[in-house]
Amino acid sequence: MIKLNPQQENAVNHLDGPLLILAGAGSGKTRVIVNRIVHLIRHHNIPPRHILAVTFTNKAANEMKERINAMLGFPAGLTIGTFHSICARLLRRECKHVGLIESFTIIDDSEQIVRIKRAITAAGFNAANMIPRAVLDSVSRAKNAFMSPDDYNENAGFNIFQKQVAKIYAQYEKDLAADYSLDFDDLLIKTVNLLKDSPEITSRYQDRFRYIMVDEYQDTNSAQYQFVQLLADRYRNIMVVGDDDQSIYRWRGAEIANILNFSKDFPGARIIKLEQNYRSSQAILSAASALMKKNSKRMEKKLWTDRKGGDKPTIARVLDERAEARYIIREIKRMKGEEGRSFIDFAVFYRINAQSRVFEEEMLSAQLPHKVMGNVGFFKRKEIKDLLAYIRLILNPFDSGACRRIINVPKRGIGRTTVQRLEEYAESLNKDLFSAIEMIEETDILQGFKQERVSGFKLIIQNLIRISRSENLTKFFKKLLELTEYPEMYESQDTPESVVSLEIIQEFENMVADYQERIGGDIKEFADYLSLHDSQSESGVSGNESVDRDYVSLLTLHNAKGLEFPVVFVSGLEEGMCPYYRDKEEMKLQELEEERRLLYVGMTRAKERLYLCAGNERRLHGKIRHSRPSRFIREIPEEMLDVQNMTVAAVSTVGQQQIPPFTDVPAVSISHPTSSADFKPGERVRHHKLGNGTVIRCDGTGPSTKITISFDRAGKRKLMLGVCRLIKLN
DNA sequence: ATTAGCGTGCTTTTT
DNA sequence: GCACGCTAAT
């Protein structure tokens, strides 16, 4: 291992008092945090229980924990976690002080949307006229500004939308409280409110966490900021690490001012700048720094590296997005051949997710192994949400949202009208939905037949509640699947979709087993793990991709933060795409600067080679638009760049040879109705999830054609041609 | 209770 | 260009 540089050393040796570490890209900040924690424990005999390390992602937290434990040689027993998981744990412990039950539910953003929609209707508005997302964003902003619905209402003045939001906000909060449910914002806000209101509790935690470390401090929002301030108030042993140049979540409430004002908040704070970059070549670093100089309001940093020289970043002018993808593919293949690189050395970044499609299609047909990173697909699946709703209801029977979701899934003959009656009954009792269900036998609001159905559901849940108290996680989950008969509803179908659903359920079961093995069999902890899940982690990816370790990574610029690759391609460097805007006139300086930081983050991920691609035209929202190169390219001095014009060459030379011309690459289902004639028995095909296979038979014509394929790894499958995106192989 | 047919409206998303 | 959500029809 390399020796720490003097600045890193200073940071690691710092003992007491506030410290701000301005850690430039690739300057080894995680290393500093890890080493300092180990140093505190080993050399200053600080008991690990007095140390708190806060991160933004589970991935970062786990990585840190592992590195610390490895260095110490034993599990350190300090507190490391995300803001949200730390607050959740604190709130469960202190639940009685905040009017919660210990097993309160944590809801994710998709559930938030469901709740907002309900609140819109319940508040007396027409759901069709309001965009739930917009309402939710306003509510979230209000909450994070510690504004109550009443505050918000007064503040709204004559703004009709805001007046409406105030009512919806009130309704939303009322519903959540009734369910003992907290959204992500609540985890932070309720914790801060608890600490603000209760000096004794605050004192306890201040005394517990005497050494506090916060990673990615530039991304903290106001609640996170206050949380840190409150905890650090007594001992002032607070170290924050961050880089104002890498602040890319302003639109989510992150306040760059938190890091800029650190020395004002903690007078006498020591500032250490980590400016030596261990990642990128000088050529890449110079270009990135030149770009960043165009931003105002930043803390001056002079990143440097001793890896002099290196290839200048390539500016690749291409015809359009498809030429861009092919150019990138060609370059990857060339470098793999000429320089002996692996696919895993390459990454393609894009501004918006929609851009990934062309790369997926072209890489599929070019047979280039690739993986779209940061997909939360698994947790968005209906099956996962349903099963999680069961778990939530069982752990917290007050959770009417969860109850509503699964009361008739699978179908139990409890239809809309029956649920309506139950809701009204619950309302009249001033109780939650499941309590009403438990009392249904004492009334005659339902016909005997319907009442039996509801009682059946009640018994399932009551049984599972009992089982959850006596059995461990895997046994409980097995019983859950058995008693709810959830898998049966797909087993009885045998459609391509139902096969996928069963796979998802299987994947969930694997996850349960894996969790129990790795962490333990506590059901409540598992539920938290699911609710505060990490979309970046490997688990939950269905299919066989994980078997193949060598692939090109495809990801958004946002998802690229914290990662590094030997070769990076940044795509779509065009005005409107990067910087992204709909209306150039409406874009504010702050937004432009954040877009610039976003590109800076992308550029500084590259270790050896960097490509910035710009197309002459691009298809966006179904329309082809002529595009101009991004202003960001012009902001980098031309002598720092290697400008290549591929607008002519890309089509003629690349198109024909290695990569089949576009017309021969039907991403079949996507636009044209396909006839069975396109696929004949014996032909080799590729499916994006299931891998390669051989066509066995093909029945019918048009998009509803059923095609049977024997997959090399996934076995024999029946698929609907219209929905499965098959690619012919030769 | 399901489903086809249309209309709309599009960033980024650590938790 | 595609997905999602609502409406209307069975």
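Here is the naming used below: chain letters follow the sequence lines, and residue numbers restart at 1 for every chain.
Within residues 132-146 of chain A, no residue has any heavy atom under 4.0 Å from DNA chain B. Using a 4.0 Å cut-off on heavy atoms, the residues of residues 612-630 of chain A that approach DNA chain C are R619(A), H621(A), G622(A), listed by number.
Using a 4.0 Å heavy-atom distance criterion, F83(A) is classed as making no nucleic acid contact. Residue D108(A) is out of contact with every strand shown, counting any heavy-atom pair closer than 4.0 Å. Within 4.0 Å (heavy atoms only), D109(A) reaches at least one base atom of the nucleic acid.
Atom CG of L563(A) and atom C1' of dT14(B) are 12 Å apart (whole Å). Straight-line distance from the NE2 atom of H558(A) to the P atom of dT11(B): 13 Å, rounded to whole Å. Rounding to whole angstrom units, CE of residue M577(A) and C1' of dC10(B) are separated by 12 Å. The distance from atom CG of N62(A) to atom C1' of dT15(B) is 14 Å, rounded to the nearest whole Å. Rounded to an integer number of Å, the gap from CD1 of I113(A) to C1' of dT13(B) is 12 Å. Distance, I131(A) CD1 to dG9(B) C1': 9 Å, rounded to whole Å. When rounded to the nearest whole Å, the span between CD1 of I352(A) and P of dG1(C) equals 14 Å. What separates CZ of F56(A) from P of dT12(B) is a distance of 20 Å, to the nearest Å.
Here Q218(A) pairs with E216(A) under the side chain to side chain donor-acceptor pair (under 3.5 Å) rule; sequence neighbours left out. Listed by chain and number, the residues in a side chain to side chain donor-acceptor pair (under 3.5 Å) with R141(A) amount to none (sequence neighbours excluded).
Considering only side-chain atoms of W251(A), the nucleotide from dT11(B), dT13(B), dT14(B) that sits closest is dT13(B). For K411(A), taking side-chain heavy atoms from C-beta onward, the closest of the listed nucleotides dT13(B), dA1(B), dT12(B) is dA1(B). Considering only the side chain of T556(A), dT12(B) comes nearest among dT15(B), dT2(B), dT12(B). Each of dT11(B), dT13(B), dT15(B) was ranked by its minimum atom distance to the side chain of Y580(A); first place goes to dT11(B). Among dT11(B), dG5(C), dT14(B), the nucleotide with an atom closest to any side-chain atom of K117(A) is dG5(C).
Scanning atom types as modelled, one donor and one acceptor separated by under 3.5 angstrom connect the side chain of R252(A) and the base of dT15(B). Under 3.5 Å, the side chain of R351(A) and the base of dT12(B) form at least one donor-acceptor pair of N or O atoms.
Screening residues 410-421 of chain A for salt bridge (Lys or Arg N to Asp or Glu O under 4.0 Å) gives no qualifying pairs among residues at least two apart or on separate chains.
With respect to K29(A) and D215(A), a salt bridge is recorded, a charged nitrogen being found less than 4.0 Å from a carboxylate O. Residues D219(A) and K561(A) are paired through a salt bridge, judged by an N-O separation under 4.0 Å between the basic side chain and the carboxylate.
The phosphate of dT13(B) has OP1 or OP2 within less than 4.0 Å of a side-chain N or O from N353(A). The side chain of N559(A) contributes an N or O atom lying less than 4.0 Å from OP1 or OP2 of dT13(B).
Each of E595(A) and R416(A) has a nearest nucleotide on DNA chain B; the 5'-most of these lies closest to R416(A).
Heavy atoms from other residues, nucleotides or ligands lying under 6.0 Å from CD1 of I519(A) number more than 12.
Although no hydrogens or angles enter the test, the distance criterion places a donor-acceptor pair under 3.5 Å between the side chain of R605(A) and the main chain of V601(A).
Using the six-membered ring where Trp is involved, Y350(A) and F359(A) have ring planes that are parallel, under 30° apart on the 30 and 60° scheme.
A glycosidic torsion no more than 90° from 0 defines the syn conformation; dT12(B) lies beyond that range and is anti.
In summary, the side chains of N295(A) and Y600(A) do not present any donor paired with an acceptor at a separation below 3.5 Å, with no hydrogens or angles considered.
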Distance-only criterion, 3.5 Å: show the donor-acceptor pairs between side-chain atoms of residues 247-257 of chain A and protein atoms not counting sequence neighbours.
unit_1, atom_1, unit_2, atom_2, d
R250(A), NH1, Q590(A), OE1, 2.8
W251(A), NE1, I248(A), O, 3.0

Go through the steps to decide whether H84(A) and Q224(A) satisfy the test side-chain contact (heavy atoms from CB on, under 4.5 Å), and finish with yes or no.
CA-CA 9 Å; H84(A) 292 85; Q224(A) 289 159 340; 4.1 Å; yes
